[in-house]
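Since this is a predicted model, take the numbers as computed values, not measurements.
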Amino acid sequence: MKKTIRNFFAALFVLISFVSLSAQVSAESTLDKTHKQTQASYTSYHDCIRLYKLPFGKLYFLALSAANSLGYEIKEMQSRNGYIIIEEDGREFLLSVNAKNKTYTYLKLAPCDNNYYFNPLIPKRIFNYVDLNFNMDIKDLKF
C-alpha cells in the first residue's frame with residue numbers, strides 16, 4: 001500500500017512539474033511577443049499615405065526604386081495595378097500606387113497583416129526617397 005501511494009505521488013509530482021514547465025515556456029513566448037510589440041511603436045495610418053503630383057507610371061517606378069535601394073526584399077510586384085509587396089523586419093508590407101487623376105497619384109504603405117505596430121521609419125524612408133528623386137527622369141534600359 002505504501003509503495004502504490006509513493007508511486008502515485010511520484011507520478012503526480014512529475015505531472016505537476018511538466019504542467020508548470022509548459023506554462024513557463026508559454027509565458028516566456030508571450031513575454032517575447034509583447035516586448036517586440038512595445039519595441040516597435042504604433043505607426044499612424046496617416047503617416048503611411050501621401051499624395052504626389054506625379055503620373056501613375058513615374059510614381060510606381062520611383063516606389064519600386066525606393067524599395068530596391070533601401071534594401072527591402074521585393075516579394076511580388078504588379079505594375080498594371082501598382083502593387084509592390086516588400087518584406088522588412090520579418091514582416092510584409094503592401095506598397096500601392098493609386099492614381100487620383102492624370103496628374104495626382106497616391107502612394108500608400110500598409111502592413112499585410114493590418115497590424116500598425118511597426119517602425120515608423122519604414123514609410124518615412126520610402127517617402128523621403130521619392131521626395132529626393134521627384135524630378136529624376138525615368139529611362140528605359142536597352143540591352
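- With rounding to the nearest 0.5 angstrom, the CG atom of Asn98 is 12.5 Å from the NZ atom of Lys100.
- Between the Thr105 side chain and the Leu54 main chain, a donor and an acceptor come within less than 3.5 Å of each other.
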Pair up each side-chain donor or acceptor in residues 56-64 with any protein partner under 3.5 Å, not counting sequence neighbours, and list the distances.
from: Lys58; atom 1: NZ; to: Phe134; atom 2: O; distance (Å): 3.3
from: Lys58; atom 1: NZ; to: Met136; atom 2: O; distance (Å): 3.0

Please evaluate residues Leu109 and Ile126 with respect to the criterion side-chain contact (heavy atoms from CB on, under 4.5 Å), reporting the C-alpha separation (whole Å), side-chain torsions for both, the decisive distance (0.1 Å), and the verdict. CA-CA 9 Å; Leu109 181 81; Ile126 292 173; 4.2 Å; yes

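- Side-chain atoms of Asn81 do not come within 3.5 Å of backbone N or O of Tyr83 as any donor-acceptor pair.
- One distance of note links CZ of Phe127 with CZ of Arg50; it measures 5.5 Å at 0.5 Å rounding.
- Tyr129 is not connected to Leu94 by any chain of hydrophobic side-chain contacts under 4.5 Å among Ile, Leu, Val, Met, Phe, Trp and Tyr, and they are in different clusters.
- No side-chain donor-acceptor contact under 3.5 Å links Asp89 to the backbone of Arg91.
- Residue Leu121 is not grouped with residue Leu70 when hydrophobic side chains (ILVMFWY) are merged at heavy-atom distances under 4.5 angstrom, including chains of intermediate members.
- For an aromatic pair to be called close, the ring centres must be under 6.0 Å apart, and Phe118 with Phe93 satisfies this.
- Each of Val97, Thr103, Leu107 was scored for a side-chain contact (heavy atoms from CB on, under 4.5 Å) with Tyr52, with one residue passing: Leu107.
- Here the side chains of Ile122 and Tyr72 are in contact, with some heavy-atom distance below 4.5 Å.
- Annotation: side chain to side chain contact (heavy atoms under 4.5 Å, CB included) contacts of Asn128 (sequence neighbours excluded): Lys124, Asp131.
- Here the straight-line distance linking atom CE of Met77 with atom CD1 of Ile84 works out to 8.0 Å at 0.5 Å rounding.
- Linking Ile, Leu, Val, Met, Phe, Trp and Tyr whenever their side-chain heavy atoms come within less than 4.5 Å leaves Leu132 and Leu95 in two separate clusters.
- For Glu87, the side chain to side chain donor-acceptor pair (under 3.5 Å) partners are Lys75, not counting sequence neighbours.
- Ring pair Tyr42/Tyr116 is tilted by interplanar angle, where 30° to 60° counts as tilted.
- Side-chain atoms of Thr43 and Pro123, non-hydrogen and from C-beta on, do get closer than 4.5 Å to each other.
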